[in-house]
Amino acid sequence: MTTRRQRIISLLEERDYSPSELVLALDLRGKGSKRLIIEELKAVQKIIRREGKVLLIKPAQCRRCGFTFRPEIKVPSRCPRCKSEWIEEPRFMIEKR
Ligand SMILES: [Zn+2]
């Protein structure tokens, strides 16, 4: 049996993904699917930590002014510096050992 979390782990061991790319890769649809991915990523981070692996986070960035957000498992909606909503999503991948 392959759970969704296991699929996410397999994907992130191959390369980095943004939350929107994971929604597409897992064929999720509809409202709230990105929020679901965020929750799954938080669970994945705990699971892989037990195996001594690390979830690498390339932080979100404002595409207007270049402001870099903190490396967190969330998708910010608005830039605190210029108030733009044109945000490059964070990217996640599992560190290769
Ligand atoms: Zn900005």
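The structure presented is a predicted model; accordingly, all values stated were derived computationally and were not measured. Indexing begins at 1, ligand by ligand and atom by atom, following the structure's order.
Listed by chain and number, C62 SG, C65 SG, C79 SG, C82 SG are the protein N/O/S atoms closer than 2.8 Å to the Zn ion (ligand 1), with waters left out.
For R35, there are no side chain to side chain donor-acceptor pair (under 3.5 Å) partners, not counting sequence neighbours.
Within the 4.5 Å cutoff, no side-chain heavy atoms of I94 are placed close to those of L56.
Side chains of S77 and E85: a donor-acceptor N/O pair is absent below 3.5 angstrom, by distance only.
In this structure, E40 pairs ionically with R4, as a charged nitrogen and a carboxylate oxygen lie closer than 4.0 Å.
Residue R70 qualifies as open at atom CZ: its count of foreign heavy atoms under 6.0 Å is 12 or below.
Looking only at distances, a side-chain donor or acceptor of E21 sits under 3.5 Å from a matching main-chain atom of S18.
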